[in-house]
Amino acid sequence: DVKVTQSSRYLVKRTGEKVFLECVQDMDHENMFWYRQDPGLGLRLIYFSYDVKMKEKGDIPEGYSVSREKKERFSLILESASTNQTSMYLCASSVTLRGIRDTQYFGPGTRLTVL
Amino acid sequence: DQQVKQNSPSLSVQEGRISILNCDYTNSMFDYFLWYKKYPAEGPTFLISISSIKDKNEDGRFTVFLNKSAKHLSLHIVPSQPGDSAVYFCAASADDKIIFGKGTRLHILP
């Protein structure tokens with residue numbers, strides 16, 4: 001059973017703070033993804049990574065950065081949090097056979113509120 | 001510019017009847033399509049997928065139909081069960097791109 005865990009279910013931060021969202025997967029998957037989910041907008045891809053130390057921009061990378069130092073861990077960083085980054089953040093992982101086309105396994109999500 | 005559209009924000013279906021969720025896409029480069037289901041306070045879970053070389057894929061109560069010429073896919077759930085009440089996301093992918101729709105909330109009525 002694939003397990004994707006996210007460090008926090010709920011997080012409240014202040015504008016301007018640096019925020020780290022951590023994601024860990026236990027299935028030795030090559031690919032990892034960060035999305036945000038907003039009402040009326042669905043899931044939007046922020047960044048993804050095909051391998052350790054590799055990263056690719058998704059559709060909405062502005063205001064975010066990522067780090068993949070180990071295969072099982074993919075971190076999303078908000079350098080200076082802003083109120084428009086209040087959202088549900090979802091991490092996912094997949095094996096590499098078809099790359100981004102593969103079935104993705106999602107974590108439970110982190111609901112971030114920026115005040 | 002929405003490349004993947006789920007035009008119905010919500011849908012209510014009687015238990016035991018067929019649920020049909022629709023999804024349209026605009027980019028002909030998409031060649032692999034997936035449906036995910038999401039319960040509140042949980043991450044999405046994969047439901048079923050279809051490659052562009054097929055027009056139908058079936059898995060138990062779930063069938064996905066793909067009409068490439070119309071750039072349209074649909075998810076059929078039959079018979080609908082109470083546990084099917086959730087938000088359903090359609091996703092379309094190409095080489096290095098995946099785009100999700102906004103989701104359709106399905107309510108199964110007793």
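Proteins get letters first, then strands, A, B, ... in listed order; numbering begins at 1 in each. The basis for the numbers below is simple: all heavy atoms, side chains too, and nothing from hydrogens, waters or symmetry mates.
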- Query: Atom CG in D38(A), atom NZ in K102(B): separation rounded to 0.5 Å?
  - Reply: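 Here the interatomic distance stands at 11.0 Å.
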
- Going from OG1 on T103(A) to OH on Y36(B), what distance comes out if it is rounded to the nearest 0.5 angstrom?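 Here the interatomic distance stands at 5.5 Å.
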
- Message: Heavy-atom cut-off 4.5 Å, strictly under: side chain, backbone, both or neither for A41(B) against chain A?
- Response: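 The answer is both parts of A41(B).
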
- Check each atom of F33(B) against the heavy atoms of chain A and say whether the ones under 4.5 Å are side chain, backbone, both or neither.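 Neither part; nothing is under 4.5 Å.
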
With hydrophobic residues grouped by side-chain heavy-atom distances under 4.5 Å, do [X] and [Y] end up in a single group?
X      : Y      : value
L66(B) : L21(B) : yes
W34(A) : L45(A) : no
V13(B) : F65(B) : no
L43(A) : M32(A) : no
I48(B) : Y25(B) : yes

- Message: Taking atom CZ as the centre, does R105(B) end up with more than 12 heavy-atom neighbours from other residues, nucleotides or ligands that are less than 6.0 angstrom away?
- Response: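 No, the 6.0 Å shell around CZ holds no more than 12 heavy atoms from other groups.
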
- So with a 6.0 Å cut-off around CZ of R9(A), is the heavy-atom count from everything else above 12?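 Yes, enclosed.
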
- Task: Tell me, for Q37(A) versus chain B, whether the close heavy atoms (under 4.5 Å) come from the side chain, the backbone, both or neither.
- Result: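 The side chain, not the backbone.
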
- Query: Between I98(B) and Y35(A), is any pair of side-chain heavy atoms under 4.5 Å apart?
  - Reply: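 Heavy-atom side-chain distance check passes, below 4.5 Å.
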
- Query: Are F46(B) and F106(A) an aromatic pair by the rule of ring centers under 6.0 Å?
  - Reply: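 Not close enough - the centres of the two rings lie 6.0 Å or further apart.
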
- Query: Taking A92(A), C91(A), G58(A), P108(A) one by one, which has the highest count of heavy-atom pairs under 4.5 Å against chain B?
  - Reply: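 Option with the greatest count: P108(A).
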
- Message: Donor-acceptor pair, distance only, cut-off 3.5 Å: does the side chain of R44(A) make one with the backbone of I99(B)?
- Response: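 No, because the side chain of R44(A) does not come within donor-acceptor range (under 3.5 Å) of the backbone of I99(B).
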
- Item | Pick from S93(B), P9(B), S51(B) with the largest number of heavy-atom pairs that fall under 4.5 Å of chain A |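 The option with the most such pairs is S93(B).
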
- Between L90(A) and G43(B), which heavy-atom pair has the shortest distance, and what is it?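 The answer is CD2-CA, 3.9 Å.
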
